[in-house]
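Notes to accompany the following structure.
As the structure is a prediction and not an experimental result, all values here were calculated from the model. If you read the sequence from its start, that first residue is 1, and numbering goes on from there.
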Amino acid sequence: MKQLIKICTLLGAIATAAPLMGQPAADAADKRVSEILGRMTLAEKIGQMTQAERKFATPEDVKKYHLGSILNGGGSFPGNNTRAEWVEMIDAYQDAAISTPAGIPLIYGTDAVHGHSNVHGATIFPHNVAIGATRNPKLAREIGAATAREAVATGVHWTFAPTLCVARDDRWGRAYECFGESPQLVGTLGRAYVEGLQGGPLDSANIRHNKLVATAKHWVADGGTTYGTGDEGYEIDRGDTRLDAAELERIHIAPYVPALKAGVGAVMVSYSSVNGTKMHEHKALVTDKLKGELGFDGITISDWAALEEIPADTNRERVVRAVNAGLDMIMEPENWRDFISDLTAAVKAGEVPMARIDDAVSRILATKLRAGLFDAPMAPLSSADGVDSPIGNPEHRALARQAVRESQVLLKNDAGLLPLKRDARIFVAGDHADDIGLQSGGWTIEWQGKRGAITDGTTILAGIRSLARGQVTYNAAGEGAAGHDVAIVVVGEEPYAEGFGDYRPAPCEKCQPLTLSEPQRQMLARVKESGTPTVLVVISGRPLLIADEIASAQAVVAAWLPGSEGAGVADVLFGDYGPKGKLPITWPRSLQQVPINIGDKNYAPLFPFGFGLTYQ
């Protein structure tokens, strides 16, 4: 029966499209959207505007409530997290969607933010801050394309990436999601990444296989919030950006323009505020600026349960203010039924104009048409057969290793300690040297990421051992360095995501001090006492306040959050590839300098924006 439904739906789509074959693609899509919209009930329209999380909505719910989209949050996956299980799950949702009288396909979304990072065995690319260090748009485009290939192979249609924030304060826990602190750098790499994910503008007349709908996020100025304006005392996430219109345009809106020109399919709105107004109710910036002045014609989508951020007495009031501000699809992972009920009542009471509903649904339908979902709603028949799977394939892992190599920033190299001699007696220390979870950071298998062998890949230690010809000794605690020619000490942050990474001064339950932990400092002290020349490798999503530790090492490499291919770090340490990375973020001397950005008055950081040594 399922196959019969699929065939009938596809035949209906072909029959509907046939009269339009000779018309320009845009006119044909507009006509088809109008025809579909004209047949829809209010319940079907509001269903299209609703996105629910997979754990809280069944295929039967999709059919009953006409849900337009399903997503998975970080760490939410079917069964044992295999490719076949993903395809089976998404196909079940799609079967339900296209079996309804309206027959409108569902669009499935995920956070594939540095590779298809929810899926075990997928290639985990370096986080965006590292891509910023490469200054390589071609590489960013290729990473986007590889990510799309792996995601499409699991049945996914839509990724909530790339993040186009401009990181203006290292205390922000999402700084590693940004390509850097320069609007120009973010704009250039963001456009390239969108082009890789989508293959170009979404266009139903030129459907590209193995491509995703991309999302520019988080509109707007999430990287510029003022420290201390979050929901908790020390938070900066979900805070308030306080800028005049000219600065807002120059720093935070400008990076979106190239992505919009590249035809990005969706824009996700930020949790944060601009000059006191929550973005999810900011009509001037969502409708007037983004849709009006900048001409964006895709989907605007809310962030995870973000309507709760709007200060109002009732959920219905929050719904009304968000939809009237210009939000087209609402991500209500758990409480999506309340959203449907409240928006339905609001429309019937005249609180939300029917024209606003029709505009939102038209955008959703047009995006689904452009993405080819009406023509090919189901995952490819070969997606789950395990043959020639792109998930974590050698080509993608080689690309990720290249990205790791190109992102390494050499901060110090006294007496030419680097590159290392292959026959040297090498001592390696630090938990971060031999831990896939630590080197991958947040948004990896789980929302916050975690320590351990959470997915397939190569640790930095394994990479060192694969290239060295001499003795390699590893001791995580730094004991036994004496007698070696060189010590490689790998230190860094614990994995985190979003507000959990915000800087908080100790003592507190969730402290993020931007410094090394006490055990790491003790480890470094042991190695220093041995008198062994030391290479310090820093694994972090942002500059850490480690001026003293940098001073005590002979060579220092900023390796960011390299992902699953740690051997790329070893490639640079041994000189197979010279260091090419340049700092995408200013490296401060102390906490008192934060925030610090290129162009500030009295700009005197430890390392400036764009700094990076070579071996020549």
Q) Considering only heavy atoms from C-beta outward, does the side chain of Lys283 approach that of Asn324 to under 4.5 Å? A) no
Q: Under the side chain to side chain donor-acceptor pair (under 3.5 Å) rule, collect the residues that match up with Lys291, sequence neighbours excluded.
A: Asp328
Q) Taking NZ, NE, NH1 and NH2 as the nitrogens, is one of them in Asp359 or Arg356 under 4.0 Å from a carboxylate oxygen of the other? A) yes
Q | Side chain Asp61, main chain Thr58, donor-acceptor under 3.5 Å | A | yes
(Q) Can you tell me if Glu247 has over 12 outside heavy atoms packed within less than 6.0 Å of its CD? (A) yes
**Q.** Minimum heavy-atom distance Ile236-Arg171, with the two atoms named
**A.** CG2-O, 3.7 Å
Q: Mark yes or no for whether Thr100, through its side chain, and Ala97, through its backbone, hold a donor-acceptor pair below 3.5 Å.
A: yes
Identify every side-chain donor-acceptor pair in residues 115-125 under 3.5 Å, counting partners at least two apart or on other chains, and give the distances.
{"from": "His116", "atom 1": "NE2", "to": "Thr154", "atom 2": "OG1", "distance (Å)": "2.9"}
{"from": "Ser117", "atom 1": "OG", "to": "Asp111", "atom 2": "O", "distance (Å)": "3.4"}
{"from": "Ser117", "atom 1": "OG", "to": "Trp443", "atom 2": "O", "distance (Å)": "3.0"}
{"from": "Asn118", "atom 1": "OD1", "to": "Gly75", "atom 2": "N", "distance (Å)": "3.2"}
{"from": "Asn118", "atom 1": "ND2", "to": "Thr110", "atom 2": "OG1", "distance (Å)": "3.3"}
{"from": "Thr123", "atom 1": "OG1", "to": "Glu150", "atom 2": "OE2", "distance (Å)": "2.7"}

**Q.** Separation between OG of Ser564 and CD1 of Ile454, rounded to the nearest 0.5 Å
**A.** 10.0 Å
Q | Short side-chain to backbone donor-acceptor contact, Ser341 and Arg337, under 3.5 Å | A | no
Q: Without swapping roles, check the side chain of Lys261 against the backbone of Tyr256 for a donor-acceptor pair under 3.5 Å.
A: no
**Q.** Check ion pair Arg238-Glu309 (N to O, under 4.0 angstrom)
**A.** yes
Q) Any idea which heavy atoms bring Tyr227 and Pro505 closest together, and the distance? A) OH-CD, 4.0 Å
**Q.** Side-chain heavy atoms of Lys278 within contact of Tyr271, under 4.5 Å
**A.** no
Q. Which atom names give the shortest non-hydrogen contact between Thr229 and Gly239, and what distance separates them?
A. OG1-CA, 3.2 Å
Q. So do Thr163 and Asn128 actually touch side chain to side chain, heavy atoms under 4.5 Å?
A. yes
Q: Determine the interplanar angle of the His127 and Tyr176 rings, folded into 0 to 90°, and report it as parallel if under 30°, tilted if 30 to 60°, perpendicular if over 60°.
A: tilted
Q: Kindly compute the distance separating CG (Leu373) from CH2 (Trp158), expressed to the nearest 0.5 Å.
A: 11.0 Å
(Q) Using side chain to side chain contact (heavy atoms under 4.5 Å, CB included), reason through Leu365 and Glu35 one step at a time and then give a plain yes or no. (A) CA-CA 11 Å; Leu365 294 175; Glu35 290 173 347; over 6 Å; no
Q: May I ask you to decide whether Glu317 forms a salt bridge with Arg321, counting only side-chain N to carboxylate O separations under 4.0 Å?
A: yes
Q.
For a 4.5 angstrom cut-off between non-hydrogen side-chain atoms, does Leu37 reach Lys45?
A. yes
Q | Glu177/Arg174 salt bridge by N-O under 4.0 Å criterion | A | yes
Q. What do the steps show when you test Asp342 against Asn315 for side-chain hydrogen bond (donor to acceptor under 3.5 Å, both in side chains), and what is the final call?
A. CA-CA 7 Å; Asp342 286 337; Asn315 185 65; 2.6 Å; yes
Q) How many angstroms lie between CG in Asp288 and CG in Leu294, if you round to the nearest 0.5 Å? A) 11.0 Å
Q) To the nearest 0.5 Å, how far apart are CZ in Phe77 and CG in Asn80? A) 8.5 Å
Q) Do Val152 and Leu212 come close enough that some side-chain heavy atom pair is under 4.5 Å? A) yes
(Q) For Trp336 together with Tyr65, are the ring centres under 6.0 Å from each other? (A) yes
(Q) Would the distance check show the side chain of Lys368 and the main-chain N or O of Pro105 forming a donor-acceptor pair, the cut-off being under 3.5 Å? (A) yes
Q.
Has Glu249 got a side-chain atom pairing as donor or acceptor with Ala254's backbone, closer than 3.5 angstrom?
A. no
Q: Could you tell me whether Asp358 and Arg363 make a salt bridge, using a distance below 4.0 angstrom between a side-chain N and a carboxylate O?
A: no
Q. Going by heavy atoms in the side chains, are Met279 and Val286 under 4.5 Å from each other?
A. yes
Q | Taking every non-hydrogen atom, the tightest pair across Leu106 and Tyr108 | A | CD2-N, 4.0 Å
Q) Can any side-chain N or O of Thr159 pair as donor or acceptor with the backbone N or O of Ala112 at less than 3.5 Å? A) yes
Q: Quick one: closest heavy-atom pair of Phe339 and Ile46, and the distance?
A: CE2-O, 4.4 Å
Q: Salt-bridge test for Glu44 and Arg39: reply yes if a basic N is under 4.0 Å from a carboxylate O, no otherwise.
A: no
(Q) Using only atom types and a distance under 3.5 Å, with no angle test, would you say the side chain of Tyr503 pairs donor to acceptor with the backbone of Gly173? (A) no
(Q) Looking at every non-hydrogen atom in both residues, tell me the closest pair between Ser270 and Ser272 and how far apart they are. (A) OG-OG, 2.6 Å
Q. So do Glu53 and Ser76 actually touch side chain to side chain, heavy atoms under 4.5 Å?
A. yes
**Q.** Donor-acceptor pair, side chain of Lys217 and main chain of Val269, under 3.5 angstrom
**A.** no
Q: Using the salt bridge (charged side-chain N to carboxylate O under 4.0 Å, His left out) rule, take Glu351 and Arg316 through it: C-alpha gap first, then chi angles, then the decisive distance, then the call.
A: CA-CA 10 Å; Glu351 297 165 14; Arg316 178 164 160 176; 2.7 Å; yes
Q | Result of checking Asp91, Ile391, Asn72 against Trp86 for side chain to side chain contact (heavy atoms under 4.5 Å, CB included) | A | Asn72
(Q) Please check this pair: side chain of Asp502 against backbone of Asp237, looking for a donor-acceptor N/O pair closer than 3.5 Å. (A) yes
**Q.** Interatomic distance, Met329 atom CE to Leu71 atom CG [nearest 0.5 angstrom]
**A.** 10.0 Å
**Q.** Test ring pair (Phe, Tyr, Trp, His ring centres under 6.0 Å) applied to Phe500 - qualifying residues, sequence neighbours left out
**A.** Trp447
Q: Look at atom CG of Asp313 and say whether more than 12 heavy atoms of other residues, nucleotides or ligands are closer to it than 6.0 Å.
A: no
Q | Test log, rule side chain to side chain contact (heavy atoms under 4.5 Å, CB included), inputs Met49 and Val323 | A | CA-CA 10 Å; Met49 296 174 66; Val323 174; 4.0 Å; yes
Q. Under the side-chain hydrogen bond (donor to acceptor under 3.5 Å, both in side chains) criterion, do Glu332 and Thr50 qualify, and how do the steps go?
A. CA-CA 7 Å; Glu332 281 292 344; Thr50 308; over 6 Å; no
(Q) Could you check whether Glu493 pairs with Arg542 (Lys NZ or Arg NE/NH1/NH2 to Asp/Glu carboxylate O, under 4.0 Å)? (A) yes
Q | Euclidean distance, Ile330 CD1 relative to Ser302 OG, rounded to 0.5 Å | A | 4.5 Å
Q) Could you go step by step and tell me if Leu369 and Leu202 meet the side chain to side chain contact (heavy atoms under 4.5 Å, CB included) rule? A) CA-CA 9 Å; Leu369 279 165; Leu202 295 176; over 6 Å; no
(Q) Between Gln48 and Ile104, does the side chain to side chain contact (heavy atoms under 4.5 Å, CB included) criterion hold? Intermediate values first, please. (A) CA-CA 9 Å; Gln48 285 299 303; Ile104 299 170; 3.5 Å; yes
Q: Would you mind checking if Glu494 and Arg451 are paired as a salt bridge, meaning a charged N to carboxylate O distance below 4.0 Å?
A: yes
